[in-house]
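What follows is a set of notes on a single structure, which appears directly below.
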Protein chains: 2
Amino acid sequence: MRNGNITDHEAKDVVGAGVDEALPAARPSTGARRNPASADAIRQAAADILAEDGYARFSIEAVARRARAGKPTIYRWWPSKAALLLDVYHRQKQGVVNPDTGDLVEDLTAFLDSLFRHWRDTPTGPVFRSVIAEAQSEDSAAEALRSYMEGRFSHSAKMIERARERGEVAAHVDPRLAIELVVGFAYIRLLTGRLDMETAAVRAAVCLFVDGWRAAPAARP
Amino acid sequence: MRNGNITDHEAKDVVGAGVDEALPAARPSTGARRNPASADAIRQAAADILAEDGYARFSIEAVARRARAGKPTIYRWWPSKAALLLDVYHRQKQGVVNPDTGDLVEDLTAFLDSLFRHWRDTPTGPVFRSVIAEAQSEDSAAEALRSYMEGRFSHSAKMIERARERGEVAAHVDPRLAIELVVGFAYIRLLTGRLDMETAAVRAAVCLFVDGWRAAPAARP
DNA sequence: TTATCTAAACGGGCCGTTTCGTTTAGTCAA
DNA sequence: TTGACTAAACGAAACGGCCCGTTTAGATAA
């Protein structure tokens, strides 16, 4: 699942950290003795259905059928559809880079490029879109999404913090807000199905963030 | 429904234009003679359910019950759940300002402020979130959302075009891309339930867009 | 008369839960 | 080491309930 489009010397670390234990850590609700069992088959079936048929056909019954598992088994391990969705997503989001090239524009371009590619070329895109959809009608999913985004922001904001330490970014810039603007752009592209951006176009967008839009140097204090 | 928080002399026009006929214009599928009939009651019931119970409880059966209408009547006039949703949304999105104060930061701040307030204080927020959720599993909703966003971008980009004509914004800035960044920020806030921003915080975000993040004036050509 | 309406009912699917035997992994005596 | 015991976890099937999109029947109104 490693993404080869960002060369290795550029990639500082691979995301996946930061929020790894916000999920309802698969474990039977009773004080049990036994082991997970068919949990992997269930996750795999869920991911396959999402990738092949999309969220519309994602149901616990369909997952159970495909995994040759009983519905009660699924409900024992995951309290809700949203929990299963988030579990599947968390295990797929490896592979997005958090680069450290020494230049902010390059870092952000590589980050967005990698994110778009990841969402486009792996089941992660459909899965994440499903999580967002579910979060619009299910409180537990909304809360999970919120806390996931929180972690994502904190983690990715480090790119901007490093740039600020290098003196590349002004001191008054809040890295968390800044990265939220960048992720917001990725978000709107994902949800409206427009992920097919050339690297040059991604860089142009990043420059709009970093350099601003003003014709003359900014005069604001 | 007019929003009084932006004073009148600042508001150039009230949005609602631009995409008003992308929707599947309520009309019976047969070549009919009669009039709409209970269409208004149906739309009202749909809006009420979304506002009171959220998308989770929004079903054609529930709308029909509440409007004391028959399900076939609804299906005759709106081909899908998504069509009814979009119809309701289109009739509620009046009231967001598209300001022209002569200053880009003020314009965008007022725009975002008004959008957040509108999404927070009217049923529009839940309704739009529902449209987005529906678009993740229903092709027709996805297409309608895409074309709606297209129109929204084109319309709001005029704020930036005006600033560019005033010489406030550099010539190389693409107004459509720029406004997409701004709307992306609003989007991520809506979908993660964080619309409660002070005007000052909104302005700070806008300044990050307009002025950029760099410590020193940008050196890019 | 004729098109539209409400209301009721259709078969089908999924929800989350309960019931029912069966499988399976740890425990412990022989 | 082996074999029997025990109890958690299992798959399958069925529950009542809600909703889907469609069909039918009978009332209503231009």
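Fair warning: this is a prediction, and the values are worked out from it, not measured in the lab. So that the names make sense, note that chain A is the first sequence line, chain B the second, and so on, each numbered from 1.
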What is the distance, rounded to the nearest whole Å, between atom CD1 of B/I60 and atom P of C/dG12?
22 Å

Among A/F185, A/F128, A/F116, side-chain contact (heavy atoms from CB on, under 4.5 Å) partner for A/L190
A/F128

Of all the choices, D/dA12, D/dC19, D/dC10, which nucleotide is nearest to the side chain of A/R68 once you look at every atom?
D/dA12

Provide, to the nearest angstrom, the distance between the OH atom belonging to A/Y75 and the C1' atom belonging to C/dG16.
5 Å

Quickly work out the A/D53 CG to C/dG13 C1' distance and round it to whole Å.
15 Å

Within the structure shown, what part of the strands sits under 4.0 Å from B/A62 by heavy-atom distance: base, sugar-phosphate, or nothing?
nothing

Phosphate oxygens OP1/OP2 of C/dC5: is one of them under 4.0 Å from a side-chain N or O of B/W77?
yes

Check: C/dG16 base within 3.5 Å donor-acceptor of A/K71 side chain
yes

Is the centre of the B/Y148 ring less than 6.0 Å from the centre of the B/Y89 ring?
yes

Here the distance between atom P of C/dC14 and atom CD of A/E61, to the nearest Å, is 6 Å

Do the side-chain N or O atoms of A/S38 get closer than 4.0 angstrom to the phosphate oxygens (OP1, OP2) of D/dG11?
yes

Between B/R65 (CZ) and D/dG17 (P), how many Å, whole number?
14 Å

Check this for me: does any side-chain nitrogen of one of A/E198 and A/R203 sit under 4.0 Å from a carboxylate oxygen of the other?
no

Measure the distance from CZ on A/R76 to C1' on C/dT18 and round it to the nearest whole Å.
13 Å

Could you tell me whether B/R57 and B/E52 make a salt bridge, using a distance below 4.0 angstrom between a side-chain N and a carboxylate O?
no

Return the value, rounded to whole Å, for the distance between atom CZ of A/R57 and atom P of C/dG12.
17 Å

What contact category does B/A64 fall into here, base, sugar-phosphate, or nothing, at under 4.0 angstrom with non-hydrogen atoms?
nothing

Compare side-chain N and O positions of B/T73 against OP1 and OP2 of C/dT6 and report whether any pair is under 4.0 Å apart.
yes

B/W78 atom CH2 is separated from D/dC20 atom C1', nearest whole Å, by 18 Å

Counting only heavy atoms not in B/R176 (residues, nucleotides, ligands), do more than 12 fall under 6.0 Å from its CZ?
yes

Would you mind telling me which residue lines up with the more 5' stretch of DNA chain C, A/P72 or A/F58, judged by nearest nucleotide?
A/F58

